[in-house]
S.K.: 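The following block contains the structure, expressed as structure tokens.
Side chains included, hydrogens not; waters and symmetry mates left out as well; all remaining heavy atoms used.
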Amino acid sequence: MAESNPYLANMPKYQKQAEKAAISANEPLYGFIPRRVTGAQARSALEHDLNPFTKQQHSAQYKRILEARKKLPVYSQMDEFMEIFKNNQIIVMVGETGSGKTTQIPQFVAYSDLPHTRGKMVACTQPRRVAAMSVAKRVADEMDVQLGRQVGYSMRFEDMTEPGTTFLKYMTDGMLLREAMNDPTMARYSTIILDEAHERTLATDILMGLLKKVAKTRPDLKIIIMSATLDALKFQKYFSLGEGSAPAPLFKVPGRTHPVEVFYTQEPEGDYVEAAIRTVLMIHRAEGPGDILLFLTGKEEIEDACRKIKLEADDLVNQDPDSVGPLMCVPLYSSLPPAQQQRIFDQAPKPTMPNGPPGRKVVVSTNIAETSLTIDGIVYVVDPGFSKQKVYNPRIRVESLLVSPISKASAQQRAGRAGRTQPGKCFRLYTEKDFMTQLEEQTYPEILRCNLSNTVLELVKMGITDLVKFDYVDAPAPETLMRALELLNYLAALDDDGNITPLGSRMADFPLDPQLSKMLIISPEFNCSTEILAITSMLSVPSVWLRPPNARNQADAAKALFTVPEGDHLTLMNVFNQYLTNKGDKRWAYDNFLDMRALTQAENIQGQLERTMQRNDIPLLSLTDERKLFQNIRQVLVCGFFMQIAHKEGDKGSYMTVKDNQVVQLHPSSGLDSRPEWVLYNEFVLTNRPYISGVTEIRPEWLLEFASNYFDLKAFPDGETKRALQRVQNRRLGRAEDSGISRKNKKKKDDGERKQKKQRTE
DNA sequence: GAGCACTGC
């Protein structure tokens, strides 16, 4: 059976290369044939005095760590793994938390694959940057090499690898996807491992689709899909190659955690926040020592709950100081400044009196504590069963966040957080029946919940033109794909047959949404690429505005000083430019209520985008006449965001989005207070009410001039917006016919249309 | 006059 594997047809070639390496009998890898290495051989190399990759003596630390590695569940299954790796091209592996799969499996692969003998690499992807970096550090220590040499990591803004030396590379899934755009066969890798595949991030899902395709043309490429939960069968079936083939083989390793006892409520809870607070206080009064982790859905809910818990706990302590210890309540969410996030690692408070009842720490957190951050010492988990999840409505092209029930897999993950250091308890604030019957097995994959315009452009760039027939693990809604294709066609990134245009190809080179990359590329024609680069960078980071609850008025006053009347985009540019000129002043950001983290990130992105512009020969231009400059900037905004325009409706300050006909309000965070008739918006925000945010005033003539295809009035839905545009159209044409000055305008208009047409046919 | 779950290039 093994001999029928197409990979093995290539075997003799590798054998020859290994011989060529002329490994002498006393070296650790003597007699190793790539991909036919046994567990016994690998173990003998691990015990060898010499490091097979550096030819140096192993350090004392290496031996110490090796003893610890031997205790990991996955280590005892090395023989089994080596055998399954030898015989298969694609493997699905399941390893629960604590199995050691993320650190050990890539090393087993390296010992069998010996990628360094062929100038290849083993890649292992992670959904998060911190994970890629910290695991790479750990594995470099385990292999007794310097981080960034044989073992490295690669992610946006940080490449810790050495070309020609690095053969084991941890990287973010998004980074591998980016690489795949320029190298669709992923030729530099001999084995690719996708870790945490159960999280179903957009990048991992797309990579699974690509790898399934590449596997057929590259029989020498081995693929391992690693997952924590038992959705392995889905991956096994997906990766069965060819019609009617057997599912991909499964390699399974048990986890190693402490047992967690799970409790359910008898009746469904009406108010989960109130129930959660009650449960936390009950645990504090009645349960043994150990910290508590409570999952809630957002910043406001968390701050609110922290205040209430603190108040009630203080009451309890006052009433009964002999039996109730002090309680410390710490919030945790990603937009919290890093220094405050660190508080989750503080020790629980000491007893208030000698031999008094012990203190306790309560961490109230979003989903960030479910996967990204691990807090030791948690013994109790309170799980109300909700989280905020992104949903996408392709009909109105809006992404929004919705408080929704979590999945069973997510509930299990949350419960597991109680058993990291000792046996724990998990209190679920829903009934066991609801858990069994109401919750989905798995969290909906991201690919089904978001706007795909960026992804579609990337796929087309990689030569996948039939997006509907692409072999997805879970196929997105056809309407979502249609929406993406429609946007890309109007932006002239794709032609009418769905083929990529030269413009689209350049757009895909930028790590940006297509509207933004389009703006960057055409901005030199308007002599304002420097400014568009700044705006684009600022739109790529979270909001820079801080508004501490105890200093709202000062923060608003500081913001008003940056505000540019024509709109929020110019305000963002103003903030960015002032940030650059005041970089020497460490207090500047603080004094102006601006988020230093976000500004630094914007500057990083600006640098990366500038390099991409240089690569694509896009010059950085600007104008000295500010009035003209601001107008040109707003025109470029129209060239990217002409599908996000709203028209004023009546006198109440409402707006109506063009074509989608949604009634919206300007978001209160917007600095635009002149209520202009036509605005362009960066984002449709659906919270308690529909808002548009990131808003700039535009002139309707520009819509007809720079987006004549989209604003083709003959095909425009009837209504007040169309009538208003029609009046503008008539005025333009009338003027053009009447006077000599207007003839100039007409010429300009024709130029604009030609430009538009040119872009569409490029 | 109101909010940004979490990632990633």
S.K.: At under 4.0 Å between heavy atoms, what does Thr687(A) touch on the DNA or RNA strands: base, sugar-phosphate, or nothing?
M.R.: sugar-phosphate
S.K.: Are any of the side-chain nitrogens in Glu303(A) or Lys308(A) under 4.0 Å away from the carboxylate oxygens of its partner?
M.R.: no
S.K.: Counting the atoms with a prime plus P, OP1 and OP2 as sugar-phosphate, which does Pro127(A) contact under 4.0 Å by heavy atoms, base, sugar-phosphate, or nothing?
M.R.: sugar-phosphate
S.K.: Are Arg200(A) and Asp231(A) within salt-bridge range, i.e. N to O under 4.0 Å?
M.R.: no
S.K.: Assign each of Gln608(A) and Ser372(A) to its nearest nucleotide of DNA chain B by heavy atoms, then name whichever residue's nucleotide is nearer the 5' end.
M.R.: Ser372(A)
S.K.: Using a heavy-atom cut-off of 4.0 Å across all strands, would you classify Leu401(A) as base, sugar-phosphate, or nothing?
M.R.: base
S.K.: When we call it a touch if two heavy atoms are under 4.0 Å apart, what does Asn688(A) touch: a base, just sugar-phosphate, or nothing?
M.R.: sugar-phosphate
S.K.: So what does Arg128(A) touch, heavy atoms closer than 4.0 Å: a base, only the sugar-phosphate, or nothing?
M.R.: sugar-phosphate
S.K.: What does Lys299(A) touch in the nucleic acid at a heavy-atom separation under 4.0 angstrom: a base, only the sugar-phosphate, or nothing?
M.R.: sugar-phosphate
S.K.: Under 4.0 Å, heavy atoms only, any strand: does Arg129(A) hit a base, just the sugar-phosphate, or nothing?
M.R.: sugar-phosphate
S.K.: Using a 4.0 Å heavy-atom cut-off across all strands, classify Tyr691(A) as base, sugar-phosphate, or nothing.
M.R.: sugar-phosphate
S.K.: Nearest-nucleotide wise, let me know which of Asp556(A) and Glu446(A) is further upstream toward the 5' end of DNA chain B.
M.R.: Asp556(A)
S.K.: What's Phe157(A) touching, base or sugar-phosphate or nothing? Going by heavy atoms closer than 4.0 Å.
M.R.: nothing
S.K.: Look at Glu179(A) together with Arg188(A) and state whether they make a salt bridge at an N to O cut-off of under 4.0 Å.
M.R.: yes
S.K.: Is Val403(A) touching bases, backbone alone, or none of the nucleic acid, heavy atoms closer than 4.0 Å?
M.R.: nothing
S.K.: If you walk 5' to 3' along DNA chain B, what is the first nucleotide with an atom under 4.0 Å of a heavy atom in chain A, and what is the last?
M.R.: dG1(B) to dC9(B)
S.K.: Is it true that Arg307(A) and Asp304(A) make a salt bridge, defined as a side-chain N closer than 4.0 Å to a carboxylate O?
M.R.: yes
S.K.: I need the minimum non-hydrogen distance between Val381(A) and Ala415(A), along with the two atoms involved.
M.R.: CG2-O, 4.5 Å
S.K.: Could you name each residue pair satisfying salt bridge (charged side-chain N to carboxylate O under 4.0 Å, His left out) that touches residues 563-576 of chain A, not counting sequence neighbours?
M.R.: none
S.K.: Looking at every strand, decide which applies to Thr371(A) at a 4.0 Å heavy-atom threshold: base, sugar-phosphate, or nothing.
M.R.: nothing
S.K.: Classify Ser387(A) by what it touches in the nucleic acid, base, sugar-phosphate, or nothing, heavy-atom distance under 4.0 Å.
M.R.: nothing
S.K.: In plain terms, say whether Glu196(A) and Arg128(A) are close enough for a salt bridge, that is, a side-chain N and a carboxylate O under 4.0 Å apart.
M.R.: no
